[in-house]
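Read the structure below first, then the notes.
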2 protein chains.
Amino acid sequence: MRDDRFCNSNCPFTRAIGTIGNKWKPIIINVMGTRSMRFGQLDAIVPHISRKVLTEQLKELEEDGLLERLAYKELPPRVEYRLSEKGLAFLPILEHIKEWNLKYEVATIPKETD
Amino acid sequence: MRDDRFCNSNCPFTRAIGTIGNKWKPIIINVMGTRSMRFGQLDAIVPHISRKVLTEQLKELEEDGLLERLAYKELPPRVEYRLSEKGLAFLPILEHIKEWNLKYEVATIPKETD
DNA sequence: ATTTGTAGTTACCCATTGGTAACCAGAATA
DNA sequence: TATTCTGGTTACCAATGGGTAACTACAAAT
């Protein structure tokens with residue numbers, strides 16, 4: 001799902017978009033917030049995502065240093081995911097997006113008055 | 001390319017991600033900035049994008065009220081794209097992403113000292 | 001002895017994506 | 001007369017994406 005062209009670009013902004021510019025990553029980061037979550041919890045809470053894609057996205061987020069994966073050596077397995085400092089630092093950006101959306105989403109629809 | 005599941009979600013954040021959560025939209029918005037640009041310019045400047053995909057993305061951005069399309073009735077055709085107020089309001093978010101990336105991108109790589 | 005629970009992984013296969021190239025209109029230019 | 005110029009659109013086709021279901025390991029509980 002990650003685009004190598006983006007991730008290897010010499011433009012830092014393009015690389016950043018290569019890292020977080022898809023639909024699942026912001027959703028996952030937002031769902032996690034400051035919590036520590038297990039794989040099954042994420043699978044249950046993130047709507048419509050399949051285990052396959054969730055696995056893939058979590059792996060990429062870990063590779064990119066946005067989250068930390070802590071696997072307990074137990075059976076049945078237990079794995080905890082939590083946002084790293086880098087991931088936590090991304091949360092305010094998501095808040096900005098929420099505010100932006102709140103302010104402008106509906107504003108496009110009416111157009112009653114001329 | 002737009003995911004209807006996201007755009008019709010009852011969660012506003014999910015809808016917002018449905019709108020701008022892909023790799024091309026942030027790139028296009030960032031390239032445009034406050035400028036007015038023609039289709040051919042965008043095609044030339046946005047790296048690796050095909051005309052087909054560029055057309056599709058511009059159409060979606062227009063539908064979502066992020067940009068305005070002004071077609072002059074001339075031949076050969078001339079079309080100018082510029083960000084709307086909603087689109088312009090998204091620029092600061094892209095700046096935050098740049099700052100975030102600048103601060104954290106490399107910080108994951110070294111790990112020389114223990 | 002069998003079932004349950006977790007965090008994945010793998011194989012299979014259908015649907016979607018996206019690249020490429022050809023094509024369009026019609027005015028201006030050579 | 002033929003070519004060029006622009007902003008797309010369309011058809012075709014190969015590649016990719018992603019859903020589903022089955023499977024794993026092993027401990028604990030029934």
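Here is how names work: the chains are called A, B, and so on, in the same order as the sequence lines, proteins then strands, and each is numbered from 1. Heavy atoms only: backbone and side chains are in, while hydrogens, waters and symmetry mates are out.
Between the side chain of B:Gln57 and the backbone N or O of B:Ile28 there is no donor-acceptor pair closer than 3.5 Å.
The separation between A:Asp4 atom CG and D:dA15 atom C1' is 15 Å, rounded to whole Å. Whole-Å rounding puts the A:Glu62 CD to C:dG8 P distance at 9 Å. Between the CZ atom of A:Arg2 and the C1' atom of D:dT16 there is a distance of 17 Å, rounded to whole Å. As a whole-Å value, the separation of B:Ile49 CD1 from C:dT20 C1' is 15 Å. Summarising the geometry, the separation between CD on B:Gln57 and P on C:dT17 is reported as 11 Å, rounded to the nearest angstrom. Computed from coordinates, the A:His48 NE2 to D:dG17 P distance equals 22 Å when rounded to whole Å. In this entry the distance linking NZ of B:Lys59 with C1' of D:dG8 reads 8 Å, nearest Å.
In terms of phosphate contacts, B:Ser50 brings no side-chain nitrogen or oxygen within less than 4.0 Å of OP1 or OP2 of C:dG18. The side chain of B:Arg69 contributes an N or O atom lying less than 4.0 Å from OP1 or OP2 of D:dG8. One finds no side-chain N or O of A:Tyr72 lying less than 4.0 angstrom from the OP1 or OP2 phosphate oxygen of D:dA27.
Side chains of A:Ile20 and A:Leu66 form a contact here, defined as non-hydrogen atoms less than 4.5 Å apart.
The base of C:dA7 lies outside donor-acceptor range of the side chain of A:Arg38, with no N or O pair under 3.5 Å. Residue-to-nucleotide contacts include no donor-acceptor pair under 3.5 Å from the side chain of B:Arg78 to the base of D:dG7.
Among the heavy atoms of the strands, none lies under 4.0 Å from B:Lys73.
Taking only side-chain atoms of A:Val79, from C-beta outward, the nucleotide of D:dT9, D:dG7, C:dA7 with the closest atom is C:dA7. Closest to the side chain of B:Val53, out of C:dC12, C:dG19, D:dC26, is C:dG19.
Ring-plane geometry between B:His96 and A:His96 is classed as parallel, the angle between the planes falling under 30 degrees on a 0 to 90 degree scale with a further cut at 60.
Using a cutoff of 4.0 Å between basic side-chain nitrogens and carboxylate oxygens, B:Lys98 and B:Glu95 are scored as salt-bridged.
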